[in-house]
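Take a look at the structure set out below.
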Amino acid sequence: MKKPVFDRKIEDIGLETGTSRLTPEKIQETIQNVLASETGAKLKVYHDTCVRCGLCSKACHYYVSHDGDPTYSPVGKVVQTMAVMIDKKGKVDADFIYRAAQIAYTECNLCRRCIHYCPLGIDTGYIMSMVRRICHKLGVTPQYIQDTAHSHSATMNQMWVKDDEWIDSLLWQEEEARDEFPDMRIPLDKEGADIMYSVIAPEPKFRTHLIYQAGAIMHEAGADWTMPTLHGWDNSDMAMFSGDFEIMGRLKRDHFERAQKLKVNRIVMGECGHAFRSVYDQGNRWLGWADYPVEVVHSVEYFADLLRTGKIKMAQKVKGPITIQDPCNIIRGRGLMEDLRYVAHAIADEVIEMTPSLEHNYCCAAGGGVINCGPPFKNVRVNGNKAKADQLRRVKEQGVDLCLCPCHNCHGGLEDIIHSNELGIDLKFIGDIIYANMVKTKAVEE
Amino acid sequence: MFNEIYELVTGPLAWIGWGIFLLGSVYKLASLWSLAKKKDTSSIYYTKAKFGLRSIAQWSLPFGTLGWRETPSVTVVTFVFHICLILVPIFLSAHVILWEEWFGVSIPALPNHVADVMTLLVIAGGTFFAWRRFSVPEVAFVTSGHDWFVLGVVVAPFLTGFLAYHQIFNYEVMIVLHVITGIAWLALIPFTRLSHMLVSWYSRAYIGSEFQGVRHCKDW
Ligand code: HEM
Ligand code: SF4
Ligand code: SF4
């Protein structure tokens, strides 16, 4: 059979300038260095034992969405990237690196769905993140995600939010909220509070109402909480996805140290998937922590707890059926499916599940930093996830108009998929619905 | 002439084959373990027997996992192929005699007609895998010479053994080829993709622990 060729090169200024600076020596030296110093038996075993059976193919939404194009299968991506780097001992050219970067950064979400398919337990997500690591060290990264990594390193947040802008956003949201809840505060730097609430930088940047809503829910629940005014408030971590593990480590340390300085009992984090991954999976390991040094509670768990204990009661439930997007990093990554189901049933009359769902759910194709690679690669993820469009269409046909989506990346990804497939489904964070429909005992009478 | 060659291949050559297989396997596992202790400490740390065994048990069930359910034909063939592949060489009556002779252990033997059918199943399974490597795009795309070589080496002793047993073609040539390919089969395990036999237990146990222990989620 004739082997398919890679004919989908996408122009990106980051990948272009990066590859234009490469020399064969630099490529080889970098690859050899990363392989020798940062990988070990795990990668070797994956490389040596993968029997090339192709069973992992059907796991991947990219493969499924491209009608079985083998170049998008998990093992197909490995043989176009890492396998060649290892077999040729790093003797590959700049074009190869461009391709490898495009595949690893934009055609794999590190969602690990393929783990459920490979009998030998080969972790393609790990292999792809090591390809990214090599590309990062070679300076070949898509421009947009590199910009977020730069922002992280310069400001310790993802969106170039300045210190005063951050505090300003918090005070602004507090002021807004006090029209509705006269006594509400967003307590800043409150030492010894029970909870430090942390968010990702896109919240103050363009989803500020989420901070308002979180404040309202905390207030209504009577939580003893605080938000930090200094760096460490942003729990996001794009450096983890760009392959800049040094910055990843600094960010995670900063986040935890902020919580420790505030002497809080635990961190509650907003509805984000990758930020959660960075504390239980990658950032902590880089820093040598088996688990996190300060307990981290994801919003899904926190909301489930508020609803279970009756600290928050729903005044009304969403009418009509809703569906649930299971974000990889909190479901397949951290097993929060039961809590998410509990919350969904507490806030809606009826829940219609997508198929597949729970830990077998398809990724949104925005995760793993793919959406952060920016507009040049938008079609890669939209066309690469017809599988998700089909899933959504099926629930739409059963009457679903609303999808519960407790992850920023999933929001971005699903929004584009819904829009370009004209599916007409609304996306909501859990906080959106709880805030809108909860019993508000502390609000002004209308 | 035949006798001398036969003596050679079943004598010194066979011992060399076994030696390479056993020492190679020990070397492979020991070197991987020492590398893992240097470079993959977090993976070792998270690996727990409880989760690992749970995962291995689940993946040992045909159709017990999402992956096994998705491609049923491959699942059935994989299980049949591997079961026959491992049982026949150990329990074939002709081999049982060798074990007695070489190692002084006596074990029960498979009835010849059963072993015969199982041998055919291995050959059929191998043919199925070869067909996949030609015609199924996601397999063809990732197939290299190494995969063909390994598949050939694995099926060859079964094919030659079958032909020899039924005295098809020249018995003497076939039996010598059978012994040689059988030795190659063993000797190549530690040094090719066949090493999945040695290490896939651990990679499965590790990812099972990673999922169940850290991610609170099943890996099947
Ligand atoms: C005892 C532990 C073993 C386990 C758990 C195991 C597992 C697997 C799995 C999961 C596959 C992939 C599915 C498939 O394509 O069939 C596979 C393929 C294969 N195994 Fe094994 N295996 C074992 C031992 C062996 C041994 C001892 C041999 C031969 C020396 C062998 C030869 C092969 C071959 C040739 C393939 C590839 C078939 C193809 O071309 O697609 N395996 N094995
Ligand atoms: S996108 Fe997910 S399923 Fe596809 S290769 Fe990457 S980790 Fe595997
Ligand atoms: S399922 Fe596993 S062994 Fe088979 S090709 Fe995919 S990664 Fe390799």
Side-chain angles (χ1 to χ4, degrees), chain A residues 1 3-4 36-46 48-59 63 68-73 75-76 78-80 83 87 112-123 280-281 284-285 288 290-291 331-337 356 358-360, chain B residues 28 31-43 45-46 55 59 65-68 70-71 74-75 78 129 132-144 146-147 150 192-200 202-208 210-212 214-220:
Chain A
M1 199 184 113
K3 297 219 165 176
S37 64
E38 297 187 34
T39 72
K42 180 149 86 173
L43 185 64
K44 191 168 165 43
V45 164
Y46 291 164
D48 289 351
T49 64
C50 166
V51 286
R52 305 287 193 252
C53 63
L55 286 173
C56 48
S57 308
K58 290 180 185 165
Y63 169 88
D69 178 341
T71 60
Y72 287 100
S73 80
V75 60
V78 174
V79 301
Q80 294 172 91
D87 287 340
R112 292 202 170 104
R113 188 168 194 268
C114 38
I115 296 286
H116 294 291
Y117 284 69
C118 174
L120 303 181
I122 291 173
D123 184 352
Y280 68 72
D281 181 342
N284 58 324
R285 290 181 201 195
D291 214 328
I331 305 298
R332 187 154 42 246
R334 199 60 163 176
L336 300 188
M337 45 276 197
L358 307 165
E359 68 273 28
H360 294 155
Chain B
K28 178 93 188 172
S31 64
L32 281 173
W33 184 246
S34 86
L35 183 58
K37 279 206 299 200
K38 248 192 251 141
K39 294 288 177 192
D40 306 279
T41 34
S42 74
S43 306
Y45 176 84
Y46 291 115
S55 177
W59 281 88
T65 69
L66 186 61
W68 285 144
E70 193 85 50
T71 321
V74 179
T75 304
T78 296
F129 289 135
R132 275 173 60 79
R133 297 213 173 279
F134 263 121
S135 345
V136 176
E138 71 264 26
V139 187
F141 180 63
V142 297
T143 296
S144 65
H146 185 130
D147 304 293
V150 162
T192 59
R193 294 241 155 88
L194 297 177
S195 60
H196 71 267
M197 170 191 157
L198 304 169
V199 289
S200 65
Y202 197 86
S203 53
R204 186 79 257 156
Y206 157 65
I207 208 73
E210 181 80 68
F211 265 60
Q212 298 162 65
V214 181
R215 305 175 194 285
H216 310 158
C217 167
K218 53 190 194 183
D219 61 309
W220 54 85

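Residue numbering restarts at 1 for every chain, and letters A, B, ... go by the order of the sequence lines.
Without hydrogens or angle criteria, B:Ser135 side chain to B:Arg132 main chain gives no donor-acceptor distance under 3.5 Å. Put simply, the side chain of A:His116 gets close to the backbone of A:Glu359: a donor and an acceptor are under 3.5 Å apart. Judged purely by atom type and a 3.5 angstrom limit, A:Asn284 uses its side chain to pair as donor or acceptor with the backbone of A:Asp281. B:Arg133 places a side-chain N or O within donor-acceptor distance of the main-chain N or O of A:Arg52, the cut-off being under 3.5 Å.
You'll find the side chain of A:Pro356 reaches within 4.5 Å of the side chain of A:Arg113, heavy atoms only. With contacts defined as side-chain heavy-atom distances shorter than 4.5 Å, the pair A:Ile122/A:Thr49 qualifies. For the pair A:Val75 and A:Cys56, the minimum side-chain heavy-atom distance is below 4.5 Å. Side-chain contact between A:Arg332 and A:Ile115 is absent, with no heavy atoms from C-beta onward closer than 4.5 Å.
In terms of non-hydrogen atom pairs under 4.5 Å with chain B, the most contact-rich of A:Glu38, A:Met337, A:Lys42 is A:Lys42. Your options are A:Cys50, A:Ser73, A:Ala59, A:Gly68, and the one with the most heavy-atom pairs under 4.5 Å with chain B is A:Cys50. The candidate from B:Phe211, B:Trp220, B:Trp68, B:Tyr45 with the greatest count of non-hydrogen atom pairs under 4.5 Å with chain A is B:Phe211. Here B:Leu66 is the residue among B:Thr78, B:Leu32, B:Leu35, B:Leu66 with the most heavy-atom pairs under 4.5 Å with chain A. The candidate from A:Gly121, A:Gly335, A:Ala41, A:Gly54 with the greatest count of non-hydrogen atom pairs under 4.5 Å with chain B is A:Ala41. Put simply, of B:Arg215, B:Lys218, B:His216, the one with the most heavy-atom pairs under 4.5 Å next to chain A is B:Arg215. Between chain A and the residues B:Glu210, B:Lys37, B:His146, B:Lys38, the largest count of heavy-atom pairs under 4.5 Å involves B:Glu210.
By the side chain to side chain contact (heavy atoms under 4.5 Å, CB included) test, A:Thr39 pairs with A:Leu35, A:Leu43, A:Tyr126, A:Met130, sequence neighbours left out. Every residue meeting the side chain to side chain contact (heavy atoms under 4.5 Å, CB included) condition with B:Ser55, not counting sequence neighbours, appears here in chain and number order: B:Trp59, B:Arg204, B:Gln212, B:Asp219.
Neither the backbone nor the side chain of B:Tyr202 comes within contact range of chain A; no heavy atom of the residue lies under 4.5 Å from a heavy atom of that chain. Interface remark: A:Asp87 contributes no atoms to any contact with chain B (heavy atom separation under 4.5 Å). With a 4.5 Å cut-off on non-hydrogen atoms, B:Ser195 touches chain A through its backbone and its side chain both. For a residue to count as touching a neighbouring chain, one of its non-hydrogen atoms must lie under 4.5 Å from one of that chain's; by this rule A:Arg285 touches chain B with the side chain only. A:Tyr63 touches chain B through its side chain: at least one heavy atom from C-beta onward sits under 4.5 Å away, while N, CA, C and O do not. Contact annotation for A:Leu358: neither backbone nor side-chain heavy atoms come within less than 4.5 Å of a heavy atom of chain B. Within the 4.5 angstrom heavy-atom criterion, only side-chain atoms of B:Tyr46, from C-beta onward, approach chain A. In this structure, chain A has heavy atoms under 4.5 Å from both the backbone and the side chain of B:Val214. Interface remark: A:Ala83 contributes no atoms to any contact with chain B (heavy atom separation under 4.5 Å). Only the side chain of B:Ser43 has a heavy atom closer than 4.5 Å to any heavy atom of chain A. With a threshold of 4.5 angstrom between heavy atoms, A:Cys114 does not approach chain B through any atom at all.
Surrounding NZ of A:Lys44 are at most 12 heavy atoms belonging to other residues, nucleotides or ligands under 6.0 Å away.
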